[in-house]
Each structure stands twice: as structure tokens, then as C-alpha cells.
Enquirer: 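A single structure is presented below for examination.
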Amino acid sequence: MLEVRDLVAGYGLTRVLEGVSLDVTAGEIVAVLGSNGAGKTTLNMVLSGLVKPRSGEVRFAGERITGLSPAQVMARGLIQVPEGRKIFPNLNVRENLELGSYRRAKANRAKNLEKVFATFPRLRERVAQAAGTLSGGEQQMLAIGRGMMAEPKLLILDEPSLGLSPLLVEEMFTLIRRLHGEGLAIMLVEQNVAQSLDLADRAYVLEHGAFALAGPAAEVRENPELKRAYLGL
Amino acid sequence: MRNFPPEIVMEAVANGLLTGAVYGLVALGLTLVYGVLHIINFAHGALLTLAMYAAWVAWAAFGLDPYVAILPLVPIFFALGYGVQRLVIGPASRGEDSNILLVTLGLSIVLENAMLAIFRSDTLSVQVDYAMEVIEAGPMLLSFPRVVGFGVAFVVAAVLFVLLRMTDTGRAIRAVAKERTGAALVGIDVGHVYAVTFGIGTACLAVAACLLLPSFYVNPRVGNAFVLVAFTIVVLGGMGSVPGALLGGLVIGVVESLSGLYLGDSLGQLGIFVIFILVLLFKPTGLFGARA
Ligand SMILES: Nc1ncnc2c1ncn2[C@@H]1O[C@H](COP(=O)(O)OP(=O)(O)OP(=O)(O)O)[C@@H](O)[C@H]1O
Ligand SMILES: [Mg+2]
């Protein structure tokens, strides 16, 4: 479904990604791990068309999407829930969700809104509240709900558990498992190594802009390299 | 301070409110562009002048009443603003806000000199039979063009309010104002939204120009006087706040009218700048904070 080949990207003079290749097949959960500054968010930004790569190729559902605009990428069903949520603080909960279907799945807006409210009853209670005044956990629910409004084929989640209490982290992982159970392909970018590896089918470990480790999640978990890549030992 | 009979003061307040609504309309365009693009559009005054000349030409060459000219000028100026942002300001600024500032400044100089070359520095005006008409409201006499201006300004503000609240385009504009990355990720074309916003701001100027024309002269610098007042309103109402622009306009209109009454016509604008300084000193976020 997603094929990334030899991606090189950066900002100005600095290179962040130094030739990254990765695959996500239909119905799979793939974990992308890596310590701070490894380049995970940069990878997501390139996939979504917000950062132009210097070289390499991204293909989605068989089509080359390298160089497409963010709107064109998301119109094809590659939806990202970004790091830091990036919800619209001045809009209320309902407006945020409705804008999730600004370009895609607009015809199913009412139906999908019901579905999101069924998944996150908390959001239904707060439809008219300005998103900027939601708690961190509620904001994360809103960000995921906004992504679901676009009926993703592949959902990229960038550190969804960041800043959540242990109980909410647990809930978040349960939710991701459930979305996966409904057949959604997910690329999960996380710092929560153990929980992510429990959940994922396969995993990649990014280190200094290149994958130091890749394979089935169970193998990556047992690999002593994991500790080294993570702790920089 | 001199004592005026209450009906004179009341009339001054009423006239201030009426004029203030049109000031608010000019400020609306400025505050919307600031709220969404985060820049002060220095070409706002020149674009207002251009709109006033356009309304004058519509009257002089085609015999169109200024109020009727609103209908063709709004789409024309929307398209002009859209094009200017999309084809000139956007590409020339390459995403740097400080560049945008300089580009709009450059644009205003080009526009002003073009208008000076075409229309010379003579003042022009339209002759319409209702220019001097007054409406009796109880003990007060209100100028007809100002009453029309007040009504139309409120209609425009209401339309804009509905657009920003109820339509996807309006929500996209508000979304881009605060969260560009999030907007891009839901598929909003940020460049397009910038241009639409600039177009709306310019269209507001077209309406304001048609409302002002029956009672004001046109010359190549006329827009700047209004925009200076509009800038005070934007600061007073809260940078980027749409209701703040309208309410700020009303306040400024009344202040101008009352200081004209008590201090003499030539000092009418003095009160405005006193307010400007006081707001900057004591409430720099304005009456309505910085919401878009
Ligand atoms: N807009 C930018 N301009 C310049 N450099 C940037 C920009 N964004 C990120 N970087 C740099 O790129 C490198 C990788 O950042 P990135 O955000 O991709 O890391 P990450 O793996 O997501 O880290 P974290 O786990 O902390 O989110 C960092 O060194 C960062 O400073
Ligand atoms: Mg990151």
C-alpha cells in the first residue's frame, strides 16, 4: 500500500533523512521507532507532502505521490494525525471534525461524525467547546477523530500517546488495536517502545536518518541492537 | 468645555455611529487579512482609493449610481484581491512574513503613482441628488448617505459572519488563521485560502468605497486617511477580530464626531489618536483580544 524508496530529505542545509526505505501493506500495523531527533516526524511530513524530498520515491496504492501537495496526498486516503495534534484551537469540536472531511468523504460527513462520537463519547459531550480549551487527552481524541472523518486507507499516527497519563496511553493503544481490527492500515510512530512492539506486525527503528533495524515486531523486540539504537550505547 | 443641548449631542453620537460603521467596514478587510495572513496590508489604503476611482468611473462613464455600482464592483474587487495575493504577494514573499510587508508597501506605491498619472491630483466627486438629503429621526437630522452606509455595512458584516461560521470555506479561513499545518493536513489549500481572504478584504473595500463616494471627494491619497483610522480601529477591536472591527469602528466614529463637536472640526481626528495611544498603553490586545 505504501512504498518508500531511498528517501533523502532535510531542511535548508541539514540532511535529516539519509535514504529511508519502508513498506506498509494493507491491513498492517507498522511501528516506526527512534529516539528524539531521529527524523520520524520529518519522514511523516515528507509522506504527507509538507516537506519536499531531495531524492527518492513515495508510492501509495500503486501511484507515485512524491511531489504532490498535502491536499492531493490526503485526497488519496493517506491521512496523518500529526505530532502535537495540530487541531484548530479557535474552532469548536464539531467544526474541527467537520473540517476533517473538507476534501475527502464529505458526502459521508454526518455518518462519520456519528461514528467518531460513538468511538469518543467525550467529544460528543463537548461538541460546542472551543478545541483549544480541551484537555490534552481530549485534544488527542479530537485529532484522531478528525483523521477518521476522512475515511483513511492508511492512517499515520505521530506519537499519539505523547503527554497522556498511563491510563489514557493504555486506552489509546486499545483504540489503535480496534481501528486495526476494522481493517485499517496504520503506521504508528512512537516512543512507547514496548507497547508499540506488542501491537505492531512489523517495526522499523530509525537512527540518525536511516533505519538501523527492521523486521517483524517480535524479532525487533528481542534484538540487542534495539537497546543500542535507542539508548545510543 | 462648552455645553450643548442634549439633542445636538445625541445627533453627533448618531452621526458618529453611522460614519463609524463604514470605518468599521474598511477595518474589517484589514483585520481579516491580518488575522489570517498575519501581515499588515500596507496596500489597503491604495486599494480603497482604487475602489473609489472605480466607483467614480462607473458613475462618470456608465451613469451607474454608486450604490448600484456595489453589485459589479464586489466581484471585480474580489477577483482583483484574489489575483494580487495569488500572483504578486504570495510568489514575491516566498513565505517570509517580512517580505509580504515590503511587497504590499511596494504595491501601494505603484498603485498610488499609477492613479496619480491617470487621474492627476485633482479631486473628483459624484453629483447625486440624495447627497444632501436628510432623514428626520425624532429631534435628529441624519444624513441619508450615512444612514445607507450604516445599513449596508451591517449587512456586509452579517454576510461575512455567516460565511465564516456556517460554510466550509469560512471554517477553512478560520482554521488557517491559527493552524496552517493542521489545515494543510485536512486538505485545505492554504495558498488558495490566503487569496480568498485577501479577495474578501478587497471586496469589503469596494463596498466601503461605494458608500463613501456620495459624501467624499476622491483624490490619489484619499484611501490613506481612512486606513489610518481603520488601523486604530483594528488595534482597538483586537488585531484579527471581526466583531471587534465593527464595534471598534462605531466607537471611533463616535469619538471623532464628539471631539469634532467639542474641539472643532479640524481637531476631530485628535480624539482618535488619543484613543489609539491609550489602547496601546493600557490594553494592547484590544477590546476583543486577538481572535480571528
Ligand atoms: N522545520 C525544521 N527546520 C529545521 N530543522 C528541523 C525542522 N524540523 C525538524 N528539524 C530537525 O530535524 C531533525 C529531526 O527532527 P524530527 O522532528 O523529524 O525528529 P523526530 O524523530 O520526530 O523526534 P521526536 O521524537 O523528538 O519527535 C532534528 O534535528 C530537528 O532539529
Ligand atoms: Mg517527532
Side-chain angles (χ1 to χ4, degrees), chain A residues 12 41 44-45 47-51 68-106 109 128 130-133 139 142-152 155-158, chain B residues 31-38 86 90-91 94-96 99 160-197 237-245 285-292:
Chain A
T41 298
N44 291 344
M45 288 300 157
L47 297 182
S48 282
L50 277 157
V51 170
L68 293 189
S69 73
Q72 290 168 321
V73 170
M74 80 80 65
R76 284 160 175 72
L78 199 173
I79 311 296
Q80 182 184 166
V81 178
E83 183 178 57
R85 291 121 196 192
K86 311 280 185 209
I87 52 162
F88 310 120
N90 52 332
L91 271 59
N92 68 31
V93 167
R94 177 189 290 275
E95 291 172 324
N96 266 274
L97 291 173
E98 287 181 347
L99 276 185
S101 54
Y102 176 82
R103 189 165 298 274
R104 202 179 134 80
K106 203 182 229 172
R109 182 175 277 183
T133 62
Q139 290 192 8
L142 182 60
I144 294 177
R146 187 179 68 181
M148 286 166 60
M149 288 296 292
E151 300 184 353
L155 189 65
I156 299 179
L157 298 168
D158 196 334
Chain B
T31 211
L32 196 64
V33 168
Y34 177 82
V36 178
L37 282 79
H38 309 295
R86 197 97 229 216
R94 290 193 211 89
E96 293 285 329
N99 287 351
L160 207 58
F161 182 83
V162 170
L163 176 90
L164 287 174
R165 294 276 148 188
M166 314 284 186
T167 69
D168 262 16
T169 304
R171 288 173 189 153
I173 290 173
R174 287 160 58 220
V176 167
K178 293 291 174 196
E179 183 45 74
R180 293 177 194 182
T181 306
L185 286 175
V186 298
I188 294 170
D189 179 344
V190 174
H192 170 72
V193 166
Y194 281 174
V196 168
T197 308
M239 308 280 284
S241 161
V242 168
T285 53
L287 299 177
F288 288 80
R291 282 177 293 143

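Just so we're on the same page: letters track the sequence lines, and every chain starts at 1.
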Enquirer: Which distance, rounded to the nearest 0.5 Å, do you find between the CZ of A:F88 and the NZ of B:K178?
Expert: 13.0 Å
Enquirer: Please determine, among A:G147, A:A71, A:S48, the option with the most heavy-atom pairs under 4.5 Å with chain B.
Expert: A:A71
Enquirer: When rounded to the nearest 0.5 angstrom, what is the spacing between CG in A:N96 and CD in B:E179?
Expert: 10.0 Å
Enquirer: Which pair of heavy atoms, one from A:Y102 and one from B:V186, lies closest together, and at what distance?
Expert: CB-O, 4.0 Å
Enquirer: Between chain A and each of B:V190, B:T181, B:I188, count heavy-atom pairs under 4.5 Å; write down the option with the most.
Expert: B:I188
Enquirer: What residue in A:R104, A:Q80, A:M74 has the most heavy-atom pairs under 4.5 Å with chain B?
Expert: A:M74
Enquirer: Give, for atom CG of A:N92 and atom CZ of B:R165, the distance between the pair rounded to the nearest 0.5 Å.
Expert: 8.5 Å
Enquirer: For the pair A:N90 (side chain) and B:R174 (backbone), establish whether a donor and an acceptor sit closer than 3.5 Å, ignoring hydrogens and angles.
Expert: yes
Enquirer: Could you check whether any side-chain heavy atom of B:D168 comes within less than 4.5 Å of a side-chain heavy atom of A:R109, counting everything from C-beta outward?
Expert: yes
Enquirer: Tell me, for A:R76 versus chain B, whether the close heavy atoms (under 4.5 Å) come from the side chain, the backbone, both or neither.
Expert: neither
Enquirer: Hey, does A:R103 have a side-chain heavy atom less than 4.5 Å from the side chain of B:D189?
Expert: yes
Enquirer: Applying side-chain contact (heavy atoms from CB on, under 4.5 Å) between B:L185 and each of A:L50, A:N44, A:V81, report the one that passes.
Expert: A:L50
Enquirer: Under a 4.5 Å heavy-atom cut-off, does chain B meet the side chain of A:R146, its backbone, both or neither?
Expert: side chain
Enquirer: Checking heavy atoms, do the side chain of A:I79, its backbone, both or neither come under 4.5 Å from chain B?
Expert: neither
